[in-house]
Amino acid sequence: MRPITNHLPTAELQALDAAHHMHPFTTNDKLAKKGARIITQAKGVWLKDSEGEEIIDGMAGLWCVNIGYAREEIAEAAARQIRELPYYNTFFQTSHVPAIALAARIAELAPGDLNHVFFAGSGSEANDTNIRLARHYWTLKEQPQRQVIIARKNGYHGSTMGGASLGGMVSMHEQGMLPIPGIVHIDQPYWYLEGGEMTPEDFGLARARALEDKILEIGPEKVAAFIAEPIQGAGGVIVPPASYWPEIQRIVDKYGILLIADEVITGFGRTGNWFGSQTFGIRPHIMTIAKGLSSGYAPIGGSIVCDEVAATIASDEFNHGYTYSGHPVAAAIALENLRIMEEEGVVEHVRDVAHPYLAERWHALGDHPLVGETSLVGLMGSLALTPVKGERVRFASEAGTAGFITRERCFANNVIMRHVYDRMIIAPPLVITPAEIDILMDRATKALDEAYVQLKAEGLLQKAV
Ligand SMILES: *Cc1c(COP(=O)(O)O)cnc(C)c1O
């Protein structure tokens, strides 16, 4: 076979991609007709495609490349580790330095008594671990009837059977008989489209109290845990009203259930603190981490577990683990990523420089005729597209039509913004500079202008009735 390299013509790469590569979360027939955009290189916040176009990455890959692309130090750390010890397991009474050092470093960074790490290969795997951890924990506490896990509609916790079950994505549940038993969902704190006439504060309290209602409906003695993202990411960067998390914390404390904060996106600086739990004053028993842990340079995830839960689990053999739990190369990469984050003050950069600068430009989009609201926490932002300026309403068209058109205009203008239904989302690399934010926002604004013209011309600026 002829070697397949960057030097092949784009059309040839696209044809091979369509012939052999099944893309995740994609209608592959549709993509095959149009051809995938082939990304060949990246540096800092910039991607380059096979046509030589330079694209500014407003999504940090999939919310993960927090320190930016192509850091030489990470390449060095990976090469060094591969030469020294490319793999060894941690199942059978053995350990290795990268896993030890990374677990210790994470324990140092994590708040409170979150001092213990169970490693996985991804966020989905870590959430599968959490299901088993939470249920096994209660069995060891001699309350084996506590097996139900409460999660939220439109939450995202990954794509494995467990992760997708915890998630509240109807389109995922419809494929493959999900959720698995013992997982139930409550409504999300999405004030903009679901808050009706309530104030955000009252609505936040009401949606938090849905947790208490559900606990009482199931029977408090049967509930093992509640899992949620501090800010829903894949659900559309939905920032809960300020009243929401304190009320959730009160309810979790009152009924003594475990709180699992899925920090896969919000962890490692995204919200302007090391963890989103710090931004929202949440005290979880378990945190899910992945993505920014390695800035996406290697697949690695994990569960950070508090002292009491870890001590209970430690009393018995936990019949669970992954071949690549604590993989030494992935761990060495994550350690180097965390070293860079600390030495370069990346979290401080988000808080003191990038967030304030981006906030000014992002919230200015609130005046755009196509924009209904803007939110931004740290470097995690969203805006609602609206068919009618000044009203909190859905489009008459199928949900996601306006969002898809807007995303296509972004793509054409060489800026990556994602859409979730009719919300647009940004989560750029945390190291983005003010000058780069200007380029990102100039292109995003142009894309919104073009989308507005197109939606108007196609008669799509109609609200649902
Ligand atoms: C991405 C994500 C996951 C899943 O992580 P994978 O590494 O894709 O398995 C889980 N939870 C949240 C909040 C995520 O954003």
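Whatever order the structure lists ligands and atoms in, that order sets their numbers, starting from 1. Just so you know, these numbers come straight off a predicted model, no measurement behind them.
Looking at residues two or more places apart in sequence or on another chain, you find a salt bridge (Lys or Arg N to Asp or Glu O under 4.0 Å) between K34 and E408. In this structure, the side chain to side chain donor-acceptor pair (under 3.5 Å) partners of E308, at least two apart in sequence or on a different chain, are Y137, K141, T312.
Cation-pi contact between R250 and W245: absent, since separation from the ring centre below 6.0 Å together with deviation from the ring axis within 45° is not met.
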Would you list the atom pairs, donor with acceptor, under 3.5 Å between side chains in residues 416-426 and any protein atom, with sequence neighbours excluded?
residue	atom	partner	partner atom	Å
H419	ND1	Y421	O	2.9
D422	OD1	G400	N	3.1
D422	OD1	A402	N	3.3
D422	OD1	G403	N	2.9
D422	OD2	G400	N	3.2
R423	NE	G236	O	2.9
R423	NH1	Y190	OH	2.9
R423	NH1	E373	OE2	3.0
R423	NH2	E373	OE2	2.9
R423	NH2	S382	OG	2.8

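V45 pairs in a side-chain contact (heavy atoms from CB on, under 4.5 Å) with only one of the listed residues (I56, T433, V65), which is I56.
Counting heavy atoms of neighbouring residues, nucleotides and ligands inside a 6.0 Å radius, atom OH of Y322 exceeds 12 of them.
Listed by chain and number, S122, G123, S124, N127, Y156, H157, G158, E229, D262, V264, I265, K291 each place a non-hydrogen atom less than 4.0 angstrom from ligand 1.
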